[in-house]
There are 2 protein chains.
Amino acid sequence: MNTIIIADDHKIFAESLAGMLEENNLFKVAGITHTVASTIETLQTTKASILLLDYHFPDGKGIDVAEFVHKAGLPIKIVILSMENDLPTMRQAEQLGVRAYLIKNLSSAELLEAMQQVFSGEKVFMWPEQSAGQATEVQLLSPREQEIVQLVRQGLTSQEIAAQLFLSNYTVETHRRNILRKLNMKNTAMLVQWAEKFL
Amino acid sequence: MNTIIIADDHKIFAESLAGMLEENNLFKVAGITHTVASTIETLQTTKASILLLDYHFPDGKGIDVAEFVHKAGLPIKIVILSMENDLPTMRQAEQLGVRAYLIKNLSSAELLEAMQQVFSGEKVFMWPEQSAGQATEVQLLSPREQEIVQLVRQGLTSQEIAAQLFLSNYTVETHRRNILRKLNMKNTAMLVQWAEKFL
DNA sequence: GGTAAAATACTCAAAAACAGGTATTGATTC
DNA sequence: GAATCAATACCTGTTTTTGAGTATTTTACC
């Protein structure tokens with residue numbers, strides 16, 4: 001029997017998912033955890049073939065667990081179940097040997113199918129091009145511009161950003177002006193609010 | 001039998017939740033929807049006693065559905081199942097006659113209990129003070145200051161805020177400085193990021 | 001009635017952001 | 001090879017924000 005550990009801080013989701021998976025008699029749930037810390041602990045005492053891993057936790061990120069598993073060389077196969085397709089995280093996950101990156105907007109049947117694929121050794125990555133396909137405002141921004149939005153969002157001034165990226169203050173301000181123009185916004189407040197949602 | 005409609009764009013969650021609810025033979029799931037539009041459509045053709053409503057949808061917000069139900073005067077009881085305690089949304093939900101606002105970080109048993117309470121006419125609102133219990137920075141700000149943060153967050157300049165609140169530009173700027181000092185921040189970007197999370 | 005906090009308004013000054021330009025380089029694409 | 005775009009950098013302004021003060025009035029509470 002394929003055993004699974006479910007790590008998700010949303011207890012309702014974790015529990016009802018466990019029920020669903022056991023119902024089909026294809027998997028057995030060996031453990032349910034709700035924090036990064038307890039997941040890592042459970043991994044060291046419990047054997048399982050697949051770890052169903054959420055991205056968001058109160059005490060950290062799912063990718064931290066993946067990093068731990070990777071470094072420790074544990075034989076468990078990781079399936080990340082995330083809310084959205086977050087490209088940088090997906091790339092990072094692939095680097096860390098994660099076997100699948102699925103979004104929660106997926107039917108139970110599709111999840112079961114994907115897990116069977118993972119179990120038989122395949123990788124299942126739902127890259128945005130294949131899954132959603134909706135053109136977003138984010139794509140209006142170049143990678144560099146997106147990077148700068150992230151730093152602005154953290155509260156850094158143009159000067160601080162320039163220092164951090166080894167650029168001229170002028171360059172950063174040009175980028176910021178281009179960003180505002182592209183997104184049709186007029187100040188930092190609007191940009192940060194937007195970034196909190198979409199970036 | 002208490003019938004339920006589940007509206008959640010995360011199909012896995014909606015489906016496994018449905019399974020869990022029907023397992024206990026206390027509820028019957030009359031419908032599952034994944035968008036605001038299809039939820040509103042279903043509400044008009046299907047009778048149910050409780051609507052389990054997510055907050056986030058690809059085509060809108062759960063609160064939009066609540067608004068529709070409120071205006072149309074439908075007799076269905078709404079239970080919002082959100083990711084986090086978002087105070088403004090909770091207040092808005094209460095205004096719209098929503099019966100419960102629960103966070104997903106809740107066990108299945110607690111959810112069932114809360115739904116039983118709602119079914120027997122009670123309201124279940126998990127206000128942050130009761131659930132988390134951590135003294136928040138929000139309380140450092142006076143009502144007027146909180147109001148101004150909301151406007152800053154929307155991208156208004158001090159002048160625009162002054163015009164909207166019939167105040168002197170000086171006053172708004174004083175408030176803004178006091179806000180930043182109280183929260184120990186140094187610019188608007190940090191403030192907006194904070195407001196997105198906590199206000 | 002007294003006190004404390006909140007809300008209001010002002011001044012002066014520096015820092016940061018915003019708006020409109022221009023220009024060079026490198027990479028990509030047609 | 002030309003054209004386009006991304007990334008870099010600079011200049012000249014204006015507007016907005018932030019910092020550090022002071023001061024009056026209103027509100028709330030004991």
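We name chains A, B, ... by the order of the sequence lines, and we start the count at 1 in each one. As the structure is a prediction and not an experimental result, all values here were calculated from the model.
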All N/O donor-acceptor pairs, side-chain side in residues 63-81 of chain B, below 3.5 Å, sequence neighbours left out:
from	atom 1	to	atom 2	distance (Å)
B:Asp64	OD2	B:Lys61	N	2.9
B:His70	ND1	B:Leu96	O	3.2

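Computed from coordinates, the A:Arg181 CZ to D:dC5 P distance equals 11 Å when rounded to whole Å. In this entry the distance linking CG of A:Leu141 with C1' of D:dC5 reads 14 Å, nearest Å.
In this structure, a donor-acceptor pair under 3.5 Å is present between the side chains of B:Thr188 and B:Arg176. One side chain, A:Ser38 or A:Thr35, offers a donor N or O that lies under 3.5 Å from an acceptor on the other.
DNA chain D lies under 4.0 Å from at least one heavy atom of each of the following residues of residues 151-171 of chain A: A:Leu167, A:Ser168, A:Tyr170, A:Thr171. Near DNA chain D, defined here as any heavy-atom distance below 4.0 Å, the residues from residues 185-192 of chain B are B:Lys186, B:Asn187, B:Thr188, listed numerically.
Between the two ends of the helix from C:dG1-D:dC30 to C:dC30-D:dG1, each summarised by a five-pair axis, the helix axis turns through 60° (rounded to 10 degrees).
Listed by first then second residue, pairs satisfying side-chain hydrogen bond (donor to acceptor under 3.5 Å, both in side chains) with a partner in residues 41-52 of chain A number zero, not counting sequence neighbours.
Chain B approaches DNA chain C within less than 4.0 angstrom (heavy atoms of the protein), and the contacting nucleotides run 5' to 3' from C:dA6 to C:dT11.
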Discussion item. Pair A:Asp8, A:His56 - check side chain to side chain contact (heavy atoms under 4.5 Å, CB included), show working.
Written reply: CA-CA 8 Å; A:Asp8 197 310; A:His56 176 267; over 6 Å; no
Fill in: Full working for salt bridge (Lys or Arg N to Asp or Glu O under 4.0 Å) between A:Glu160 and B:Lys186
CA-CA 13 Å; A:Glu160 290 167 336; B:Lys186 61 170 201 166; 2.5 Å; yes
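Evaluation of the side chain to side chain donor-acceptor pair (under 3.5 Å) rule for A:Ser108 yields B:Glu15 as partners, not counting sequence neighbours. Checked against side chain to side chain donor-acceptor pair (under 3.5 Å), B:Gln117 has the following partners two or more places apart in sequence or in another chain: B:Glu122. By the ring pair (Phe, Tyr, Trp, His ring centres under 6.0 Å) test, B:Phe13 pairs with A:Phe13, sequence neighbours left out. Every residue two or more places apart in sequence or in another chain was checked for a salt bridge (Lys or Arg N to Asp or Glu O under 4.0 Å) with A:Glu22, and none qualifies. Judged as a side chain to side chain donor-acceptor pair (under 3.5 Å), and not counting sequence neighbours, B:Ser16 has no contacts.
Inter-residue side-chain proximity for A:Lys104 and B:Lys11 is flagged as unmet; no heavy-atom pair is nearer than 4.5 Å. Between B:His10 and A:Met83, the closest side-chain pair of non-hydrogen atoms falls below 4.5 Å. Side-chain contact between A:Ile179 and A:Val152: absent, with no pair of heavy atoms (C-beta onward) separated by less than 4.5 Å.
Taking both residues in full, the closest heavy atoms of B:Leu140 and B:Lys182 are given as O-NZ, 3.1 Å, listed atom of the first, atom of the second, then distance.
The phosphate of D:dT8 has OP1 or OP2 within less than 4.0 Å of a side-chain N or O from A:His175. Applying the 4.0 Å criterion to OP1 and OP2 of D:dA20, one finds that B:Arg177 has every side-chain N and O outside that range.
The nearest heavy atom of DNA chain C to B:Glu173 and to A:Glu173 marks one nucleotide each, and the one closer to the 5' end goes with B:Glu173. Positionally, the nearest nucleotide of DNA chain D for A:Lys182 lies more toward the 5' end than for the other of A:Lys182 and A:Thr174.
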Worksheet item: Nucleotide by nucleotide, 5' to 3', does protein get under 4.0 Å of the base (B), only the sugar-phosphate (S), or neither (-) in nucleotides 25-30 of chain D, counting heavy atoms?
Response: ------
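Only one option out of A:Thr39, A:Ile4, A:Val98 pairs with A:Leu51 in a side chain to side chain contact (heavy atoms under 4.5 Å, CB included); it is A:Thr39.
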